[in-house]
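Remarks on the structure that follows.
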There are 2 protein chains.
Amino acid sequence: MATAKRAEASTQRRRRAPRGATAGAPPPRRPDLRRRRVMDAEIACAAEELFAQHGFHGVSIAEVAARVGISKQNLLYYFPTKEALYRRVLDGVLDEWLERLRGLADPDKDPASALREYIAAKLRYSRDRPSGSRVFATEIIAGLPFYAAELRERVVPALRAQVETLNRWVAAGRVEPIDAVHLMFIVWAATQTYADFSHQMALVLGKEALSAADFEAAEEVVARIVLRSIGLEAAPPGPTPAPRDR
Amino acid sequence: MATAKRAEASTQRRRRAPRGATAGAPPPRRPDLRRRRVMDAEIACAAEELFAQHGFHGVSIAEVAARVGISKQNLLYYFPTKEALYRRVLDGVLDEWLERLRGLADPDKDPASALREYIAAKLRYSRDRPSGSRVFATEIIAGLPFYAAELRERVVPALRAQVETLNRWVAAGRVEPIDAVHLMFIVWAATQTYADFSHQMALVLGKEALSAADFEAAEEVVARIVLRSIGLEAAPPGPTPAPRDR
DNA sequence: GTCTATAAGCGGATAGAC
DNA sequence: GTCTATCCGCTTATAGAC
C-alpha cells in the first residue's frame with residue numbers, strides 16, 4: 001500500500017461517464033463497494049503519512065482530504081469521524097505487520113535462522129512503512145488513548161507468543177538461558193528504531209535519509225548482537241563487508 | 001525536577017502579604033526573578049507531562065495552566081507562545097540528559113565498565129523521567145518540526161562522540177571490530193524503549209507499570225547483549241538472579 | 001456520491017484595568 | 001503579576017440540495 005496507486009486513482013476521480021444517454025446496460029444501482037474500498041484505502045494512506053508527521057491532533061481532516069483531492073465533507077462520507085479514520089490507519093498498519101510476521105519464530109525451526117528472519121522482516125517493515133510504524137509508536141508513547149483494546153487483543157498475544165518460543169528454545173537447551181521478555185523488548189526496540197528515529201540517525205550520519213546499505217548494516221549488527229547474546233554465533237563470515245554508499 | 005515541589009509552590013501562590021500598611025522595609029521593586037524561575041519550572045514540568053501524553057497539538061495552554069492552577073492568560077505572561085513553552089520543555093529534558101551522561105564513555109576507561117555505566121545511566125533516565133523521554137521521542141518521530149537546530153547542535157555531537165569513543169576502542173584492539181554507529185543506535189533504542197514503550201511492556205507483562213526489578217533485568221540483558229557482541233564478557237555472575245516482584 | 005452552507009465550539013493570542 | 005474581556009481563525013460535524 002503506502003504510496004502506490006495514488007496518482008491513477010486521483011486523475012480518474014471526478015465524474016465518471018455521464019449516466020443518462022449512451023449507456024447500454026444500466027449500471028448496478030447498489031452502493032459501489034469497489035469504489036468504497038479504493039477510496040477508504042486511499043484516504044487511509046494519506047492519513048497515515050500525515051498522522052505520522054503531526055500526530056492525531058496535529059492533522060485536520062481537511063488536510064487529509066486536500067491531499068487525496070476531495071472535499072472534507074466528502075471525506076466525512078467515507079469516515080464518519082476523525083477517530084474512525086485514525087483507527088482505520090492503525091488497523092491497516094497492524095494487519096500488515098501481523099501478516100508479515102506470521103509464522104516467523106516457529107519453535108520447531110532452527111533458532112538462529114528463525115531469529116535472523118524475524119529481525120530481517122521487522123527491519124524490512126521499518127524500511128517499507130516507516131509512517132505506519134511511527135503512527136503506532138506515537139500511539140503507544142501516548143499511552144494507548146485510542147487503541148488499547150486492539151493492542152491487548154491482537155498485538156500482545158503475538159508478542160507473548162514470540163517470548164514463549166524463545167523460552168522453549170531455552171528450555172530445550174537450544175540457546176543459552178536469558179530473560180526472554182527483555183531480549184524480545186530489545187529486539188522490537190532495535191528494529192523499530194530504524195523507522196521511528198531515522199531522522200535522528202540521518203542527522204548523526206550526516207545524510208538526508210537512511211540508505212539500503214544502512215539497513216543491511218543494521219540487520220547485520222542487530223542479528224549479531226542478539227545471536228551472540230544467547231551463544232548462537234561467533235561472527236558473520238566477513239569481518240565488515242564493504243559498505244556500498246554511505 | 002519533574003514532580004517535586006509543586007504542592008508547596010501552589011498553596012502559597014495567590015496573593016502574598018499585602019503591600020501598603022505594615023511592611024517595614026519596602027520590598028524590592030525589580031521584577032521578581034526568583035518567582036519567575038520557579039513559575040517557569042513549574043509550568044514546564046506540568047507541560048512536559050501533558051505533551052508526553054497528548055503531543056504538542058493535543059495540549060492546550062489552558063490545560064497546562066489549569067494543571068498549574070493559574071489562568072491561561074497568566075501562563076502567557078510567562079511564556080509568550082505555546083511554542084516557546086514547548087521548546088523550554090525540550091531544553092529542560094536535554095539539559096538534564098546531557099548532564100547525566102557527561103563524562104561517561106570516556107575512551108580511557110575500561111570499555112566494559114564504561115559501557116555498563118552508560119547503559120545504567122540511560123536506563124535510570126528512562127525510569128526517572130519517562131515524560132521527558134517521550135516528548136523528545138515524539139519530536140524526533142515527527143521529523144524534528146521544532147527542534148532540528150538544537151538537536152543538530154547539542155545532541156548529534158554528543159552521540160557522535162560516543163561513536164568515536166567506541167571506534168577508538170576498536171582501533172586499539174580493546175574490543176572486537178563492529179559497526180560502531182549501529183551498535184550505538186541499538187544501545188540508544190534499547191534504553192530509550194524502557195521509557196517510550198513502557199505502556200506496551202506493562203501490557204505484555206500483565207502488570208500496571210514496570211517495577212524496579214524490571215529495570216534491573218533490563219539493565220542486565222542490555223549490558224549482556226552489548227558487551228558480548230564485542231567480545232567483552234561471557235555472562236553475569238549468577239545465571240538468572242531471583243526476580244523480586246513481578 | 002458530491003456539493004454548498006452552516007452550526008457550534010475551542011484554539012492561541014492581545015488589550016487594558018487593577 | 002494577575003485579572004476580565006474579547007478578537008478571530010480554525011476545528012469537527014451536520015443538514016439538505018443536486
Side-chain angles (χ1 to χ4, degrees), chain A residues 9-10 12-20 23 26-43 47 50-51 54-88 146, chain B residues 9-20 26-43 47 50-51 54-89 145-146:
Chain A
S10 295
Q12 286 191 330
R13 176 156 319 101
R14 296 170 193 273
R15 303 293 175 239
R16 298 158 287 182
R19 293 235 181 68
R29 229 54 196 97
R30 55 159 165 73
D32 188 339
L33 292 179
R34 184 172 311 174
R35 176 175 185 73
R36 169 127 227 150
R37 280 222 319 276
V38 170
M39 288 297 287
D40 276 15
E42 201 179 342
I43 293 167
L50 288 169
F51 283 141
H54 308 290
F56 177 77
H57 299 281
V59 178
S60 68
I61 51 179
E63 287 168 322
V64 179
R67 175 173 286 219
V68 180
I70 63 178
S71 72
K72 129 180 117 166
Q73 294 86 345
N74 197 5
L75 188 154
L76 283 166
Y77 168 76
Y78 289 99
F79 292 94
T81 65
K82 185 183 176 182
E83 186 180 327
L85 172 57
Y86 180 68
R87 304 183 99 96
R88 163 62 212 271
F146 295 105
Chain B
S10 295
T11 56
Q12 286 191 329
R13 179 157 315 104
R14 294 169 195 274
R15 303 293 174 239
R16 297 158 286 185
R19 295 238 180 67
R29 230 51 196 99
R30 54 158 167 74
D32 189 338
L33 291 179
R34 184 172 312 175
R35 177 174 182 76
R36 169 125 226 153
R37 280 220 321 274
V38 171
M39 288 296 288
D40 277 14
E42 202 180 341
I43 294 167
L50 288 170
F51 283 141
H54 309 289
F56 177 77
H57 299 281
V59 177
S60 69
I61 51 180
E63 287 168 322
V64 179
R67 175 173 286 219
V68 180
I70 63 178
S71 70
K72 136 178 114 163
Q73 296 85 345
N74 197 4
L75 188 153
L76 283 167
Y77 169 78
Y78 289 99
F79 292 94
T81 65
K82 186 184 179 182
E83 187 181 328
L85 172 57
Y86 180 68
R87 304 183 97 96
R88 164 60 212 271
V89 169
F146 295 105

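Here is the naming used below: chain letters follow the sequence lines, and residue numbers restart at 1 for every chain. Treat the numbers as computed from the prediction; the structure is a model and nothing was measured.
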### Query
Think A/Ser71 has a side-chain N or O under 4.0 angstrom from the OP1 or OP2 of C/dT2?
no
### Task
Identify whether any heavy atom of A/Leu76 sits under 4.0 Å from a base atom; if not, whether one sits that close to sugar-phosphate; answer base, sugar-phosphate or nothing.
base
#### Entry: Distance in angstrom units between B/Leu50 CG and C/dG11 P, rounded
13 Å
### Task
Kindly indicate, with the supporting measurements, whether the criterion side chain to side chain contact (heavy atoms under 4.5 Å, CB included) is fulfilled by A/Lys82 and A/Phe56.
CA-CA 9 Å; A/Lys82 185 183 176 182; A/Phe56 177 77; 3.9 Å; yes
### Query
What about B/Lys72, does its side chain sit under 3.5 Å from the base of C/dG12 through a donor-acceptor pair?
yes
### Query
How is A/Phe79 classified with respect to the nucleic acid when contacts are heavy atoms under 4.0 Å: base, sugar-phosphate, or nothing?
nothing
### Query
For the pair made of NZ in A/Lys82 and P in D/dT11, what is the distance, rounded to whole Å?
9 Å
### Below 4.0 Å: OP1/OP2 of D/dG1 and any side-chain N or O of B/Arg34
no
### Proximal nucleotide (of D/dA13, D/dT11, C/dG1) relative to the A/Ser60 side chain
D/dT11
### Query
Could you give the CD1-to-C1' distance, from B/Ile43 to D/dG1, as a whole number of Å?
12 Å
### Query
Reckon A/Tyr77 has a side-chain N or O less than 4.0 Å from the OP1 or OP2 of D/dT14?
no
### Query
Can you tell which of C/dC3, D/dT2, D/dT11 lies closest to the side chain of B/Arg35?
D/dT2
### Task
Give the C-alpha distance, both sets of side-chain angles, the deciding distance and a yes or no for side chain to side chain contact (heavy atoms under 4.5 Å, CB included) between A/Leu75 and A/Val68.
CA-CA 9 Å; A/Leu75 188 154; A/Val68 180; 5.7 Å; no
### Task
Report the distance from atom OH of A/Tyr86 to atom P of D/dA13, rounded to the nearest whole Å.
15 Å
### Task
Calculate, to the nearest 0.5 Å, the distance between atoms CG and CD1 belonging to A/Leu76 and A/Ile70 respectively.
9.0 Å
### Task
Among D/dT12, C/dA13, C/dC3, find the nucleotide with the atom closest to the side chain of A/Gln73.
C/dC3
### Task
First locate atom CZ of A/Arg35, then atom CG of A/Asp40, and finally report the distance between them rounded to the nearest 0.5 Å.
11.0 Å
### Task
Rounded to the nearest angstrom, tell me the gap between atom NE2 in B/His57 and atom P in D/dG9.
20 Å
### Query
Can A/Glu83 and A/Arg87 be counted as an ion pair, charged N to O under 4.0 angstrom?
yes
### Query
Given atom CG of B/Leu75 and atom C1' of D/dC3, what is their separation to the nearest angstrom?
14 Å
### Query
With respect to the side chain of A/Asp32, which nucleotide from D/dT14, C/dG1, D/dT2 is positioned closest?
C/dG1
#### Entry: Rounded distance (Å) that lies between atom C1' of D/dC10 and atom CD1 of A/Ile61
12 Å
### Query
How long is the line joining CG of A/Asn74 and C1' of D/dA13, in whole Å?
15 Å
